[in-house]
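Worksheet: the structure to be examined is printed underneath.
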2 protein chains.
Amino acid sequence: MAKKVKTNKRQVILEEAAKLFKAKGFGGTSMRDLGSQVGMEAASMYNHISSKDDILESICFHVSNTYISQLNEIEQLPVSYVDKLKALIRLHIRLMIEDGAAVSVANNDWKYLSEVKLQQFKEARKTYEKGFAALIEQGITAGEFQPMNVSVALFTILSAVRWVELWYRPGRGITAEELEENIMTILLNGLAK
Amino acid sequence: MAKKVKTNKRQVILEEAAKLFKAKGFGGTSMRDLGSQVGMEAASMYNHISSKDDILESICFHVSNTYISQLNEIEQLPVSYVDKLKALIRLHIRLMIEDGAAVSVANNDWKYLSEVKLQQFKEARKTYEKGFAALIEQGITAGEFQPMNVSVALFTILSAVRWVELWYRPGRGITAEELEENIMTILLNGLAK
DNA sequence: GCCACATAAACAAACGTTTGTTAGTCATCT
DNA sequence: AGATGACTAACAAACGTTTGTTTATGTGGC
């Protein structure tokens, strides 16, 4: 039996859409824009996707699923809470670098999801945040972290990692590893001497 | 002589627009949406504003002007670099709390500014970031901060403060002061014990 | 002959904005 | 005091575009 050589057009559409949504926003990107980027007429894309919303959903849930499954793996590692936190921060930076466009869309354009999917997405995010927060809380209890408001810590970390999407480019004179090292130093040890 | 009782309708439009843009994005907010929020027909608003872009520009540049002028004041305070940085972080959190909608628009919807204004805005932002970075750099030179990549520190701080716009609500069980204290502790001293 | 995929053409809906008009307010002149 | 004219601010209706999507048709490979 021959291998399927099909270049998945749907995947191409999703990838180009992520780039355009990141650059111009969901509302700012028309199906005709997207079509010309993909290399076909807007109408033709409807052979591969069912709607513009369908595209947004696929991107957003692909990202949220990735985060959640990775969190589950990290939770079960037999290491200190400091190391778990480091792994999580690294995960965020890696995903931002490897799949920046999609992550950006999931970060910024999720609010344009349709009613039903919007609720699902918010729930997924809450699940992830709860798991992340629990990890911080346990780290504090174990005496590895300073006592502090867990929500504040959680969101500070999540946000501190976001700018990478806007800033990082391979030719910036800093490698992904250096970037991770720098950010983790600030978050774990602070700026002050 | 009687007092001028004029409620500045333009200001009302700008404020309601900021709220709607924050909630639904610039592209996702129609002039009819905005009109019904303000309490007049879309067409009537054109007696007070010259275009939808005009609204976006006013909001964005109001915010960027505020940041830049405040930075200038802080730069000239006769205090340590640690204290200057603290003042800047406090400034960001305060503006986020007091004028969250406008700040949110300037953070997220600036990219929809028209060609010319977009360039101006980017320049203003770069000016601000340069001043902020210089302050960090001097702090490192003075031995008050750990040696580190200045850009990484800058953007980590700027981002770490952004989530407040999404999260903070007066009834969260945490005051603005506690919030500032917590965030500054993480950024300056880190999470680790 | 059929299936997968591409297209052009058309669709209704929604968009930002312009137009023409009206009602009210105020200072000025008689 | 009353008339005049300029100004402000509101409105309904319509404009030309652009939007996401559908329909009908065509085409190349199995």
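Order of the sequence lines sets the chain letters (A, B, ...), proteins ahead of strands, with each chain counted from 1.
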Handout entry: Qualifying residues under side chain to side chain donor-acceptor pair (under 3.5 Å), relative to B:Lys24, sequence neighbours excluded
Key = B:Asp33
Practice task
Could you say whether A:Ser44 or B:Phe26 is positioned toward the 5' end of DNA chain C, judged by the nucleotide with the nearest heavy atom to each?
Solution key: A:Ser44
Problem - Residues touching DNA chain C, which here means a heavy atom under 4.0 Å, drawn from residues 105-117 of chain B - result: none
Review item, nucleotides 17-20 of chain C N/O atoms under 3.5 Å of protein N/O:
{"residue": "C:dT17", "atom": "OP2", "partner": "B:Tyr46", "partner atom": "OH", "Å": "2.4"}
{"residue": "C:dT17", "atom": "OP2", "partner": "B:Lys52", "partner atom": "N", "Å": "2.9"}
{"residue": "C:dT17", "atom": "O5'", "partner": "B:Tyr46", "partner atom": "OH", "Å": "3.3"}

Handout entry: A:Leu56 CG to D:dG20 P, straight-line distance once rounded to whole Å
Key = 13 Å
Problem - All salt bridge (Lys or Arg N to Asp or Glu O under 4.0 Å) counterparts of B:Lys130, not counting sequence neighbours - result: none
Exercise for the section: Output all residues satisfying side chain to side chain donor-acceptor pair (under 3.5 Å) with A:Glu16, sequence neighbours left out; order by chain, then residue number. Expected result: A:Lys19
Ignoring hydrogens and angles, write down the donor-acceptor pairs under 3.5 Å from the side chains of residues 114-123 of chain A, residues two or more places apart or on other chains.
none

Exercise for the section: Would you mind reading off the distance between B:Arg10 atom CZ and D:dA9 atom P, rounded to a whole angstrom? Expected result: 12 Å
Handout entry: Residues that A:Arg94 engages under salt bridge (Lys or Arg N to Asp or Glu O under 4.0 Å), provided they are two or more places apart
Key = A:Glu180
Exercise for the section: Whole angstrom is fine here: how far is it from CE in B:Met40 over to P in C:dA23? Expected result: 19 Å
Practice task
Compare all side-chain heavy atoms of A:Trp110 with those of A:Val63 and state whether any distance is below 4.5 angstrom.
Solution key: no
Problem - Sugar-phosphate only, base, or nothing, as touched by A:Ser30 at under 4.0 Å among non-hydrogen atoms - result: sugar-phosphate
Problem - Atom-to-atom span, CG of A:Leu34 to P of D:dG20 - whole angstrom - result: 9 Å
Exercise for the section: Please determine if a side-chain N or O atom of B:His48 lies less than 4.0 Å away from the OP1 or OP2 oxygen of D:dT8. Expected result: no
Problem - Length of the line joining A:Lys9:NZ and C:dC3:P, which is rounded to integer Å - result: 20 Å
Give me, pair by pair, the N or O atoms of the protein and of nucleotides 26-30 of chain D that are less than 3.5 Å apart, along with how far apart they are.
none

Handout entry: Residues forming a side chain to side chain donor-acceptor pair (under 3.5 Å) with B:Ser159, sequence neighbours excluded
Key = none
Handout entry: For A:Asp53, all residues meeting salt bridge (Lys or Arg N to Asp or Glu O under 4.0 Å), sequence neighbours excluded
Key = none
Problem - Within 45° cone of A:Tyr46 ring axis and under 6.0 Å: A:Lys52 NZ or CZ - result: no
Practice task
Check the distance between C:dT25's C1' and B:Asn47's CG and give it to me in whole angstrom.
Solution key: 15 Å
Exercise for the section: Using whole Å, report how far CD of B:Glu41 lies from C1' of D:dA13. Expected result: 11 Å
Problem - All salt bridge (Lys or Arg N to Asp or Glu O under 4.0 Å) counterparts of A:Lys86, not counting sequence neighbours - result: none
Exercise for the section: Please list all pairs passing the ring pair (Phe, Tyr, Trp, His ring centres under 6.0 Å) test where one or both residues lie in residues 82-108 of chain A, with sequence neighbours left out. Expected result: A:Tyr67-A:His92, A:His92-A:Tyr128
